Every structure is written in structure tokens, then in C-alpha cells.
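Bear in mind the structure is a predicted one, so any value in this text is a computation, not a measurement. Below, chains carry the letters A, B, ... as their sequence lines are ordered, and counting in each starts from 1.
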Number of protein chains: 2
Amino acid sequence: MSVTLKQLAASLGLSPTTVSRALNGFPEVNAATRRRVEQAAAAANYHPNTRAKSLATGRAQAIGHVIPLSTSHEIVNPVFADFIAGAGEVYARNGYEMILRVVPDDDEASAYRDLMARGSVDGVILHGPRIEDARVGLLAELGLPFLVHGRTSGVNTPYSWLDINNQRSFHRATEFLCSFGHSRIALINGLEEMDFARRRRNGYLEALAKAGSEPDPMLMRQGEMTEPYGYRAAQEMIQLPEPPTAFLASSIIVAYGILRGLSDLGLKLGRDISLVTHDDELSYLPNDGDVPLFTATRSSVREAGRRAASMLLRLVAEPDSGPLTELMETSLVLGASTGPVRT
Amino acid sequence: MSVTLKQLAASLGLSPTTVSRALNGFPEVNAATRRRVEQAAAAANYHPNTRAKSLATGRAQAIGHVIPLSTSHEIVNPVFADFIAGAGEVYARNGYEMILRVVPDDDEASAYRDLMARGSVDGVILHGPRIEDARVGLLAELGLPFLVHGRTSGVNTPYSWLDINNQRSFHRATEFLCSFGHSRIALINGLEEMDFARRRRNGYLEALAKAGSEPDPMLMRQGEMTEPYGYRAAQEMIQLPEPPTAFLASSIIVAYGILRGLSDLGLKLGRDISLVTHDDELSYLPNDGDVPLFTATRSSVREAGRRAASMLLRLVAEPDSGPLTELMETSLVLGASTGPVRT
DNA sequence: TCGCCTTCCCAAAGCGCTTTGGATGGTTAA
DNA sequence: TTAACCATCCAAAGCGCTTTGGGAAGGCGA
């Protein structure tokens, strides 16, 4: 079907060895010969067979992403698409393939073992780390280079990760709301078995404590971050005897739900009620413009994908470059959804 | 690192040949031997090296998904994550790997060529087909098995596809609105270079014609399907001298935007204004419950992913199974966003 | 002239698997 | 008894590439 190295070599009257070296930039080949080879390769649309190449080199030239599909709720993380887009960019630029495995989340361990044993990938990115996530230990033990998108509290062995400063983000956001006089601030969080959610709650609690406000369990909720989840949370909380005057949401999708919930009750964001949300800059839910709809802690998950991919590739190339870590700060951008507490 | 066939064979005092045949279910191996081999393989956590295997067999055991990243708007299709989740399920079950390439959309052709020449995949799924999409011709020419998610009008060569009945969906939706007395129905569509968008518009126009309503260009809009797009469209249209009494949206994300746009103007869906949207059943934007928020033409894109993957695998296994096609009908589910025209 | 580098190229082995084409020994039919 | 036949196993080639370990030819200094 497609042309092979041997054929190309034969057509040039050269040995496969020389052609290989010419194309791979080895020094011991005449400049003129190299040019000739390169031209012929381009003309024949020659691309080395990936499988043969990686069998010979021992490198898979591929990075794996295992995306767990929660067996209970079956939710696909909406953030995933943009992260992948960012990472994919980097892989493509570096000649790496991206391979995806969608697995039930109780089957993830065997997915990693399998990937390792088959030698299908040179490294993996671990998504959606939970508190004390056992996958980190497993991967370390397998000896497969990996990078965590996020972190996992309670795991002591060092590992590489890229995370945003969730705690600081929500600390700042809470602080910001407090400075407007808010003291009853609701936290509509993701599932708190997820590490990011726990950290956000910590930041929130920390800021409340600093401001001298007592946290109220009635105002704290965790759940799968869908739009209706935000809607229900907002509606239910607003009917409490002592309703919140502000909301803090863990995802822009949830924020839209809150917005709708309040709007249905005739309440207007920024005037009657304040809202700060985390904003991953999902491409189909842009929160920009002169005055964004939502005041938000903003951080591009696509950029996170890019950086995570770069870090992992570095880790694959130089396994001794030790655990690599990066903490991205978010920016707190002022939108139309916040204002002083209404008295 | 991981155990090889040769090692396993040596440890069993057998030849690699026999071990290979035992594990691959060939008949010419003693039942007892086979059992012994299987147990040893399991104990050693033996998994055949993918690259070696596929080099030997000539099959990549992988399916490629090329996802074009629009160079101009940089939007990642939100529908993509759920489609992938569905397809991934099927690949995993059949021992196929899923490989993803994120490429700028002006570079897609070379991505396919490359995938083909390197032999990295046994087939590909083509996403986001446009009108008269040239990729179909390219893939046919390359001889790479492929399946289109959607269709492409104006391409005459036969090809395999899985699509939903966009035209009929929007025909029915429009008809339904007409039956409520609506005649000024706005269409907030996706980019009409996309095949699905064109079909939806056709269905819409067809139904309008049948109902004797004149289509109004002021009420038809196309664009990238984001939330703000829906918001702006709704707000602008509602201020027209002759505003629409109903909206037809191509995506639930757009529908949320419309909802917010109307809501900001004090208009309530289902009472003041009607809205029907297409609903792909995105997992994080569920439109369900006793009475769904939106009346919708509903079709699970995750299920589409599953079916598309199955069809493609079939195509790969039996290339002569000819062009496979499937047209999924959508269901029109009644939600809270529609009602008789307000007089 | 010889010896010694360079420069440029090649033969062959090997990556881990599958598969072709036997080989071996025991059974069965004639 | 012999030939034909299974049932069961194996040696070796080959998939398309990289890489090791030369080797031939030419240039240079002594």
C-alpha cells in the first residue's frame, strides 16, 4: 500500500541504512545524498511506519489519556474536550500520538496495567484526581511516566502534576465577596471526593474564618456539576429562612444553572444576589466581552492541556528530570454578577 | 520491563509458536497445554506488545479520530466529548485503541495522509462534515476505511455514514410550533457550511412553506453555537418591528443563551415565547425530568458514538460489507418551553 | 610510499510478534 | 506390517524500521 523504507532505498540505489540515517538527521551522510533522499521521500509521500519504528526504537511515540466514566452518574467531564484540544496541539507538534481509553472508573487500574504491558504508550496523563488517589501509587509502581492534571491530597510519594491554585482562587473569591459585605455565601461545589473540590472548599472556609463569618452547612453543597444541579441548589437555598446573599460556583455550567434558578424567582445577579464562578474558559461557554456575564476565577483549561502535555513529554524524554510540578494562578476577573450586599 | 512471548515460552518449556497459538485460540494445541499457557500468561500479567503484534499482522487495531480545530474561531465541539465516550466504549470492548489527532482544520488532509502512510490506524471517523466535504473524496481515494458522523450533501460517491434525521427533526419541530399558531419562527442555527445545519434549515423551510408562512431572513441566523450567540440572537430579534413568537435552536447550549436573553427582557418561555431546541443529551446539560426545561428534538450523541464505532469496526473487518448507512430518527419531547402563541 | 584519518556508505542483527511449512510420534485403516 | 493420518508441537522467516559494527575510498602528513 504505502511505500516502505526498503522500496525507497531501492529506488534510490541506496541501502535502507543510509536512507534511514539521512531522514533522521544523522551526520554521517553526504549533504547531497541527504537532499536527494529527502526529495524522493517527499515525492513518494513516504512516512515511516509508526509501529515498525516504535518496535525498533522501543518508544511508542504516544501518550495515553485514560478517561474514567463514572459508573454511577455517567457524566463526561465537559472540561475534558478543551483540555484535550490543548494537549493534542502539543503532541502533534512533537510527533506524538494521543491515545484515549474510555473506561468504567472501577476498571481504571487494569487499563493502566494493560497500557503498560502492551507498551502502547510512553506516558499517561491522569485525569480527575480524587483525594488520596490510588492511581498515583499504581502508576509510580508500574514505572510508567505520568503527570497528574490536578493533585491528590494525602499522597506522600512525590509525583509530577500541573494544577491551578484552587484554594487560593476560592479564598480570593470569597474574600472579594466578603469585602462587599456578604457573609452568607453559598458554595455550590463539585463532588468533594475530587481533590480540586476539596481545595476550593478549604479556600472558601479559610476566607470565611478570616472574615469572622461562621460557615453554614446549609449553604454548602457538593454534586455533579450540571446545569440543573446549579438551578436546584439556587432555588432551594434562596428559600431558606436565612438565604445566602452570594453564591460561589465551581463551574460555569453550574453558574448558568444558578443564574436561571435565581432569574426564575425574579432575582437579578449583581443587583439582588452576587455570584462568583470558576471559569475554565470553555470555548463554547465564553465568559468574556467588555463586562463578562460572571465575575470569575479564570484559568484556561486549554492552556493547562498544553502545559501538561509539554511537561509530560519532557518527563518522557528525561525520566530523571524528577517530579515536575506547576501551580497556575487564576485571575479574578470582574463581571456583572457581583455587587454589594443588598440591604 | 514487561514479559515477552519468548520469555513466557521459555518459562513454560514451549516454543513461541505454540504459546502464540494457544493464546490466540488456534485449534492445533492440546487443551491441557492451552490451559497451562493461559494460566502462566495471566500469572505473569502477559499482554502481547501492541506494536509487534500489529506489525506482524498488518492491522493497527486502532481507530483514528481527527478533530479539526477551527483556525478562525477555535471552538471545540461540545458534542465531541460525549460522542467519544460512546465510541470509546465500543473500541475498548473490541480490543481497539482510539487515537485522536487535533489538527488545524486547514491541515486535515495531510493528517489523513499521514495516518494512512504510517499505518497508525485501521480506519477513521470523520467529524463535522460540511457541504460537499472534500475529505470524503480524499479518504475514499486513500483507501482508508472511514465512517462519517453526519453526511455531506453534494458528494455523489457512496460512503458510509451515521446521521440523525436533521431535516425531519426540524420539520417536525417547526410543524409543531405552527400547530400552536406560531408563524414567525426564528431559526438560530449552526454555521450553514456544516451539513447538519443546512439540513435543519431545509426542514424548517419546508414546514414553513407547508404551513403557508413566508420565511423571513431577519429571523434566520447561523453561527458558532455558543451560549452568548443564543443570547444575542434572542435579544436582537425580539426587538425587531415584527419579532418572532417562537425560536428554534440548533443546540441546547444556544437554547440556554436564548432563554437567558428572553429572561433578561422579562419574557418567559412557554408563556410569552416558545422554544424548541435540538438536544444531543449532553451529560452535563441534561434536559430531562418529568417536564424537561426545553421542548426538544432529542437524540443521544453518545449512542451515536456507540453505533458509529460498531459500524466502522464492521467496515474494517469486512471491507466489502459495502457502504453502511444509518439514519437515526429523533424524538420530539415535550418540555416546558412551548405553548400556544400569545395574542 | 606508507600509515592514519575522515567521509560516506552498507550488511546484518534485532525489536516482539504471527505464520508458513514442516517434524514427530502415536493411531488407525488396509 | 505398512501406509496414511491425526494431533501436537517447533524452526525459521518476515513485518518495517533502527542501530551496531564494519569497510571502501580518498586525503593528508611524514
Side-chain angles (χ1 to χ4, degrees), chain A residues 1-38 40-41 44-62 95 97 114-122, chain B residues 1-38 40-41 44-62 95 97 114-122:
Chain A
M1 187 93 289
S2 26
V3 56
T4 74
L5 218 210
K6 204 154 80 174
Q7 294 168 349
L8 187 62
S11 81
L12 281 163
L14 288 169
S15 75
T17 308
T18 303
V19 174
S20 172
R21 316 206 98 150
L23 293 174
N24 289 315
F26 282 70
E28 61 269 63
V29 46
N30 187 293
T33 308
R34 187 191 305 277
R35 239 192 331 275
R36 208 158 62 89
V37 171
E38 280 166 349
N45 189 34
Y46 169 76
H47 293 271
N49 180 297
T50 319
R51 305 187 305 262
K53 179 165 188 162
S54 65
L55 182 57
T57 58
R59 277 163 290 128
Q61 292 287 95
E97 218 69 81
D114 185 274
L115 240 27
M116 179 66 181
R118 308 191 109 91
S120 317
V121 299
D122 295 320
Chain B
M1 184 93 293
S2 25
V3 55
T4 74
L5 217 210
K6 204 155 80 174
Q7 294 168 349
L8 186 63
S11 82
L12 282 164
L14 288 170
S15 78
T17 308
T18 303
V19 175
S20 172
R21 315 207 100 151
L23 293 174
N24 290 316
F26 281 71
E28 62 267 66
V29 46
N30 187 292
T33 309
R34 187 192 305 278
R35 239 192 331 275
R36 207 159 63 89
V37 170
E38 279 166 349
N45 190 34
Y46 170 76
H47 292 271
N49 181 295
T50 319
R51 307 186 303 263
K53 180 165 188 161
S54 65
L55 182 56
T57 58
R59 278 162 290 128
Q61 291 286 95
E97 217 70 80
D114 184 274
L115 239 26
M116 179 66 183
R118 307 190 111 90
S120 319
V121 298
D122 295 320

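Per the geometry, CZ belonging to A:Arg51 stands 14 Å off P belonging to D:dT18, to the nearest Å. If you take CG of A:Leu5 and P of D:dT19, they are 12 Å apart, rounded to a whole angstrom. Rounded to whole Å, atom C1' of D:dC17 lies 8 Å from atom CG of B:Leu55. Computed from coordinates, the B:Asn49 CG to D:dC17 P distance equals 17 Å when rounded to whole Å. When rounded to the nearest whole Å, the span between CZ of B:Arg59 and C1' of C:dC17 equals 12 Å. One can place CG of A:Leu8 at 13 Å from C1' of D:dG16, the figure rounded to the nearest angstrom. For the pair B:Leu23 CG and C:dT19 C1', the interatomic distance rounds to 15 Å; values are reported in whole Å. One atom, CD of B:Gln61, and another, C1' of C:dT18, lie 13 Å apart when rounded to the nearest Å.
Shown here for A:Tyr46 and A:Thr4, the closest heavy-atom pair between the two residues is CE1-C, 3.8 Å. Taking every heavy atom of both residues into account, A:Leu23 and A:Ala41 meet most closely at CD2-CB, 4.0 Å. The shortest non-hydrogen separation linking B:Asn45 to A:Ala117 is O-CB, 4.1 Å.
For D:dT18, the OP1/OP2 oxygens have a side-chain nitrogen or oxygen of A:Lys53 closer than 4.0 Å. Checking the phosphate oxygens (OP1, OP2) of D:dC17, a side-chain nitrogen or oxygen of A:Tyr46 falls inside 4.0 Å.
Atoms CG and OG, from A:Asp122 and A:Ser54 in turn, are 8.5 Å apart once rounded to the nearest 0.5 Å. Note: A:Asn24 CG to A:Arg34 CZ = 9.5 Å, rounded to the nearest 0.5 Å. Between the CD atom of A:Glu97 and the CZ atom of B:Arg118 there is a distance of 7.5 Å, given to the nearest 0.5 Å. Between the CG atom in B:Leu12 and the OG1 atom in B:Thr33 there is a gap of 9.5 Å [rounded to 0.5 Å].
Distance alone, capped at 3.5 Å, places no donor-acceptor pair between the A:Ser20 side chain and the A:Pro16 backbone. Of the possible polar contacts, none joining the B:Arg51 side chain to the A:Arg51 backbone as a donor-acceptor pair under 3.5 Å is found.
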Q: Treat primed atoms plus P, OP1 and OP2 as sugar-phosphate and everything else as base, then score nucleotides 4-14 of chain D 5' to 3': B for base contact with protein heavy atoms under 4.0 Å, S for sugar-phosphate contact only, - for none.
A: ----BBBBB-B
**Q.** Dot-bracket notation for DNA chain D, counting Watson-Crick and G-U pairs under 3.5 Å, with | for partners on another strand
**A.** ||||||||||||||||||||||||||||||
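Distances from the side chain of B:Phe26 to the nucleotides D:dC17, D:dT19, C:dT19 place C:dT19 closest.
Backbone-only engagement by A:Thr4 is indicated by non-hydrogen atom pairs under 4.0 Å involving sugar-phosphate atoms exclusively.
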